[in-house]
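Just so it is clear, the values below take in all heavy atoms, side chains as well, and ignore hydrogens, waters and symmetry mates. Predicted, not measured: the structure shown is a model, and the values here were computed from it.
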Amino acid sequence: MTLLVTTLGAVLTTLLGVLVGGAVSHQLARRQWSRDREAEACALVLRESSNVLVELGKVNGRGVPVADEGVCIPTPIDWRLWNEALATVALIANHKIVKAAQEIDSAFWPAGLQVARGWTSDGDWFRLRDGIEGKRRDFVNIAREQLATSGPPLRRLTGGPDSDDPIWRLRRSYFSTVEDGE
């Protein structure tokens, strides 16, 4: 009888260990899959926000007619991919990451409207761009925190020159001579 109880106890313990191990393994795999999808959605937000920012910069002050108050002139910017990135992150990511992505979108609105109306100069554009870049940096820091990426928060997202760097004066003078036909 003791042998039967011992054998039955060993079999039940083994089966319980297999079941618990399978459940834990399944949960870990599911959590890793979710984290990977969340990281992909964050990367998509960064890629598409970069694309919109570049397109806004191209359109800024370049042949967009000045419009009256309340009138928007269409720009060549395709917002569809940006909106898809926002929808993807809203579907997959946690609340803090979604909120940070929506903050980028909120920063795009005044910039997009001002560029579309032809109301921006280079000085305005740099201020608007810096605001968007700040929201993008905040998004990255929140995503890193939520996705358990180690390291301190990033103070800067890109390696480009600051808005007040003299290189930007060269850019303005180059474009003004190109537009003047020189």
(request) Evaluate the side-chain proximity of I97 to V89: yes if any heavy-atom separation is below 4.5 Å, no if none is. (result) yes
(request) Compare every heavy atom of S49 with every heavy atom of W82, then report the nearest pair and how far apart it is. (result) CZ3-CB, 3.5 Å
(message) Looking at every non-hydrogen atom in both residues, tell me the closest pair between I142 and K96 and how far apart they are.
(response) CG2-O, 3.7 Å
(message) Tell me the closest heavy-atom pair linking A111 and L128, and the distance in Å.
(response) CA-CD1, 3.9 Å
(request) State, with a plain yes or no, whether a side-chain heavy atom of E103 is found less than 4.5 Å away from one of D138. (result) no
(message) Within the 4.5 Å heavy-atom criterion, are L81 and N51 side-chain neighbours or not?
(response) no
(request) Would you give the length of the straight line joining atom CG of D105 to atom CH2 of W79, rounded to the nearest 0.5 angstrom? (result) 7.5 Å
(message) I need the L56 CG to Q114 CD distance, nearest 0.5 Å.
(response) 11.0 Å
(message) So which atom in L147 and which in E38 form the shortest heavy-atom distance, rounded to 0.1 Å?
(response) CD2-OE1, 3.5 Å
(message) I need the E48 CD to E55 CD distance, nearest 0.5 Å.
(response) 10.5 Å
(message) Between E133 and R136, does any NZ, NE, NH1 or NH2 come within less than 4.0 Å of an OD or OE carboxylate oxygen?
(response) yes
(request) Kindly work out whether a path of hydrophobic side-chain contacts (I/L/V/M/F/W/Y, heavy atoms less than 4.5 Å apart) joins L44 to I104. (result) no
(request) Measure the spacing between CZ of R37 and SG of C42 and express it to the nearest 0.5 Å. (result) 12.5 Å
(request) Measure across T88 and A41 and return the closest heavy-atom pair with its distance rounded to 0.1 Å. (result) CG2-CB, 4.0 Å
(message) Give me the atom names and distance for the closest heavy-atom approach of V98 to A90.
(response) CG2-CA, 3.7 Å
(request) Consider only side-chain heavy atoms of I, L, V, M, F, W and Y, link residues closer than 4.5 Å, and tell whether L86 and V140 are in one cluster. (result) yes
